[in-house]
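Positions are given from 1, in the same order as the sequence printed here.
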Amino acid sequence: MKEKINEYIEKFKKFWNEAYNRKILYFYFFMAILVTFLIELFAGINATDYSNMQGVFFLIGSPYIFICNAMIVLFTLSFTLLIRRRLFGIFLVSAIWMLFGATNAILVGIRVTPFIRSDLAMIDSGIKIMDKYLGVWQIVGFILGVILAIVLLVIAFIKAPKIDHKVSYGKDAITILIIAVLCFGSIQLGRASNLITKKFDNLRNCYFDYGFVYCFTNSIFNMGVEKPDNYTELLVKDISKSNKEAIEDEKVKDEPNIIFVQLESFFEVNDLKNVTFSENPIPNFEKLQSEYPSGYMTVPVIGAGTVNTEFEVETGMSLENFGSGEIPYNTYLQDYSLESICYNLKPFGYKCHAIHNNDATFYSRYKVFAHLGYDNFDSLETMNITDADAYNPKNWLKDRYLTKEIMDSLDATKEKDFIYTITVQSHGKYDPEDYESKIKVEGLEDEDLKKSYEYFADQISEVDLFIKDLTDQLKNRKEHTIIVFYGDHLPTLDITEEDLKNENVFQTPYVIWSNYENDYFKDRDIYTFQLEAVILKALHMTEGKINLCHQANLDKDYSDYKDELHVLTYDMTDGKHFADGSEEIGYKETKLQMGINPIKITNINISSDEDNPGVYLYGRNFTNSCRVYVNDSMVETNYIDNSTLFAKIETIEEGDVISIHLVDSKDLEFFEVDNIEYHKDVMDEGREGKKETTITHKKSKKKKKKKKK
């Protein structure tokens with residue numbers, strides 16, 4: 001028996017030596033280890049709270065996890081065995097990994113949150129705000145670096161040698177298979193022994209604990225809501241039934257206007273242990289805290305990821321049930337509707353508005369909000385703000401302008417209103433050049449960090465004034481109104497648990513203000529996804545299976561009903577929709593209107609000036625983000641005022657469609673708001689003696705919705 005085993009071993013050695021060049025295989029292993037090491041080194045250097053020697057510490061302190069990361073790199077490198085220009089392939093794959101690693105290092109330094117799969121879907125949004133985070137020379141250097149990398153890769157492709165024999169696809173495929181088994185086997189062994197984990201609680205810490213390569217790869221393949229082991233139709237209906245029975249069937253107590261104000265990077269700065277301010281940056285917010293129900297809210301992100309806080313507030317779903325690092329705004333809500341506070345308020349006659357003083361295209365909110373049930377979206381493009389001092393030093397629109405937008409939204413409808421307001425003024429990065437702060441900071445030795453704190457303090461001080469202005473204006477409004485102010489996450493100021501009195505970097509403050517006497521709410525600490533239930537339960541509004549699940553269990557510890565929430569979340573996303581009583585998606589997207597009031601063309605005039613041919617468009621609610629299109633082609637547009645646009649159109653033919661589209665801050669079109677069809681069969685004298693056409697409004701062509709797989 002022993003001789004037989006030795007014989008097989010000798011045969012395998014002979015096969016291995018004849019089939020494979022050991023030197024090239026050693027080179028593959030070396031490149032996998034080198035790439036993994038450098039990626040971790042980059043991340044540590046750019047993260048102020050991690051060692052510059054992170055790559056070394058990761059290799060020595062977590063050798064098994066390091067090997068798992070290197071095996072993933074090796075697996076991707078192994079596919080180059082199937083091409084003759086193997087050396088080029090090795091350097092190309094390594095360059096891609098290094099690019100991802102460098103991107104991760106930059107993002108960790110800028111926004112704290114590391115590089116995840118969802119960021120690949122947001123490249124366009126990232127480019128739009130690059131100038132707010134990077135200086136001119138940094139952007140130039142980045143562009144030159146990309147160009148240089150492309151040039152080097154082209155040269156490498158041309159110059160790289162080919163192997164001097166034919167590719168042995170069978171043998172090389174076996175090698176790839178062996179590496180794949182070793183790679184995924186080592187990962188499964190690591191998970192089974194709890195050395196690594198599939199689900200991440202603190203995304204940033206997990207990237208340092210388990211390595212960028214593993215975590216980034218996990219964010220690619222670990223998407224969606226995992227099916228619960230006990231998922232059945234009977235279970236879903238039993239959960240829904242028991243939750244309904246747990247809530248007393250009472251008449252709706254009150255139907256006030258409800259306003260959520262999500263404050264960008266806002267937190268209780270006076271909870272910092274070793275930092276003091278020359279004056280309190282948030283006296284008005286703290287006054288509200290002392291007079292109205294308040295507490296801490298546990299949010300899902302730190303430093304960035306505003307939309308994930310939004311998602312939990314709007315839907316009541318917990319992100320821990322989704323893939324690690326997943327952003328549902330970029331996945332589910334691109335094509336499908338989910339239960340939301342808007343849909344849960346509509347049966348009570350509410351109109352639902354979203355307001356955000358930033359681009360509508362960021363995180364594709366102009367698409368997403370239709371799938372969350374909003375009736376209109378008032379974004380930067382529809383606010384028409386032209387004041388010289390409207391923007392802060394980092395070019396974010398100041399929050400004080402939101403007061404008017406909120407009041408206008410309330411005035412625009414006769415119905416009750418739900419308004420979701422997202423602020424932006426206190427957004428990072430906190431490093432304006434030549435900035436003289438009003439509020440001074442003591443307790444920090446690092447001068448750059450001290451300046452960042454001072455700039456941040458100035459910004460939230462102005463946000464605090466916005467809070468006061470809004471509540472002052474709503475105090476005497478006859479309609480009952482409730483406002484919830486809360487922070488979406490902590491800012492990117494290198495804050496750790498040891499720096500805070502509450503010792504939790506995932507907690508932000510909230511307060512529930514109202515303009516009338518009531519005893520609906522009490523002080524309590526909650527999770528982000530419980531906020532809707534806290535408000536609606538007090539008003540006896542029990543629509544929605546997720547909302548009802550929270551309402552029935554609010555007085556319990558979350559761990560006692562998290563499995564129920566997981567089952568309902570899966571059912572409404574990737575499941576059979578048993579809770580809705582059918583396999584069809586239970587919520588239909590709304591026809592989202594951009595702006596508080598619709599942008600409309602009322603009539604047009606053809607210019608009689610031969611030196612300046614064109615068309616005057618008259619209407620309502622035009623903004624300087626409006627652009628005129630003729631038959632889907634943009635033409636030069638001059639904004640004159642909110643009722644007049646001039647389009648430089650040389651000729652107009654019978655039946656031409658003239659439309660108005662909104663463009664974002666980079667002048668990229670994203671939304672058609674109105675259109676007309678040109679006819680000259682009936683002509684009348686129009687404004688200013690110009691000829692006026694009759695107009696016919698056309699329905700926008702809408703893309704067919706994809707069926708859910």
Side-chain angles (χ1 to χ4, degrees), residues 112-114 116-119 191 194 196-210 214-231 235-236 239 243 296-333 338-341 486-490 497 504-508 525-534 544-547 549-554 556-575 579:
V112 176
T113 305
I116 55 178
R117 171 195 176 276
S118 295
D119 289 317
R191 288 175 176 173
N194 292 322
I196 52 179
T197 181
K198 183 179 178 181
K199 297 292 289 186
F200 301 154
D201 49 3
N202 184 323
L203 192 65
R204 184 175 188 273
N205 289 349
C206 285
Y207 264 64
F208 283 104
D209 292 341
Y210 307 127
Y214 168 74
C215 291
F216 181 74
T217 304
N218 189 48
S219 78
I220 293 175
F221 294 103
N222 181 20
M223 299 295 290
V225 181
E226 188 173 344
K227 183 179 179 179
D229 294 333
N230 57 345
Y231 176 71
L235 176 64
V236 172
I239 290 173
N243 287 334
Y296 282 106
M297 187 162 68
T298 300
V299 299
V301 290
I302 174 175
T306 296
V307 290
N308 277 351
T309 298
E310 280 178 46
F311 176 79
E312 288 199 344
V313 169
E314 290 165 320
T315 66
M317 297 180 183
S318 170
L319 280 162
E320 73 172 344
N321 292 321
F322 291 79
S324 299
E326 183 169 0
I327 299 177
Y329 269 38
N330 292 340
T331 53
Y332 290 94
L333 289 170
L338 297 175
E339 178 185 325
S340 72
I341 186 171
Y486 65 91
D488 60 350
H489 54 70
L490 265 65
E497 293 179 349
N504 191 332
V505 293
F506 286 95
Q507 283 188 333
T508 62
D525 292 344
I526 60 174
Y527 288 91
T528 318
F529 45 78
Q530 294 174 324
L531 180 59
E532 172 194 357
V534 167
K545 299 296 191 297
I546 297 287
N547 173 40
C549 178
H550 288 303
Q551 289 193 19
N553 295 284
L554 272 179
K556 299 179 183 177
D557 189 89
Y558 170 56
S559 61
D560 293 335
Y561 75 97
K562 64 187 298 185
D563 290 340
E564 288 187 15
L565 182 62
H566 180 197
V567 170
L568 291 176
T569 301
Y570 174 78
D571 182 64
M572 293 186 177
T573 51
D574 296 312

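Proximity of a side-chain donor or acceptor of His566 to a complementary backbone N or O of Glu226 within less than 3.5 Å is detected. Without hydrogens or angle criteria, Glu564 side chain to Ile239 main chain gives no donor-acceptor distance under 3.5 Å. With Asn222 contributing its side chain and Lys198 its backbone, the two residues share a donor-acceptor pair below 3.5 Å. Glu339 places no side-chain N or O within 3.5 Å of a backbone atom of Gly316 that could act as its donor or acceptor partner. Side-chain atoms of Glu326 come within 3.5 Å of backbone atoms of Gly224 as a donor-acceptor pair (strictly under, hydrogens ignored). When atom types are taken as modelled, the side chain of Thr298 and the backbone of Gln507 share no donor-acceptor pair closer than 3.5 angstrom. The main-chain N or O of Leu319 is found under 3.5 Å from a side-chain atom of Glu312 such that the two form a donor-acceptor pair. Checking side-chain atoms of Asp574 against main-chain N and O of Val225 turns up a donor-acceptor pair under 3.5 Å.
Going from atom CZ of Phe322 over to atom OG1 of Thr331 covers 7.0 Å, rounded to the nearest 0.5 Å. The line from CG of Leu554 to SG of Cys549 is 9.5 Å long, rounded to the nearest 0.5 Å. Atom CZ of Arg191 is separated from atom CG of Asn218 by 5.5 Å, given to the nearest 0.5 angstrom. Taking OH of Tyr231 as the start and CG of Leu568 as the end, the distance is 9.5 Å to the nearest 0.5 Å. Here the OG1-CE distance, from Thr569 to Met317, works out to 5.0 Å after rounding to the nearest 0.5 Å. Atoms NZ and CG, from Lys562 and Asn553 in turn, are 13.5 Å apart once rounded to the nearest 0.5 Å.
Ring orientation note: the planes of Tyr527 and Phe529 are close to parallel, at an angle under 30° on the 30°/60° scale.
With sequence neighbours excluded, the residues forming a side-chain contact (heavy atoms from CB on, under 4.5 Å) with Ser219 are Ile116, Arg117, Tyr207, Phe216, listed by chain and number.
At a cut-off of 3.5 Å, with distance as the only test, a side-chain donor of Tyr329 or Glu310 sits close to an acceptor on the other residue. Using modelled atom types, one finds no donor on one side chain facing an acceptor on the other under 3.5 Å when comparing Asn321 with Tyr570.
Ile526 has its side chain within reach of Leu531: a pair of non-hydrogen atoms, C-beta onward, lies under 4.5 Å apart. Taking the side chain as every heavy atom from C-beta outward, Ile327 and Val307 approach each other to under 4.5 Å.
Between Gly487 and Met297 the shortest heavy-atom distance is O-CE, 4.3 Å.
The side chain to side chain contact (heavy atoms under 4.5 Å, CB included) test with Thr528 singles out one residue from Asn308, Thr508, Thr309, and that residue is Thr309.
If you look at Tyr332 and Phe311, their ring centroids are not closer than 6.0 Å.
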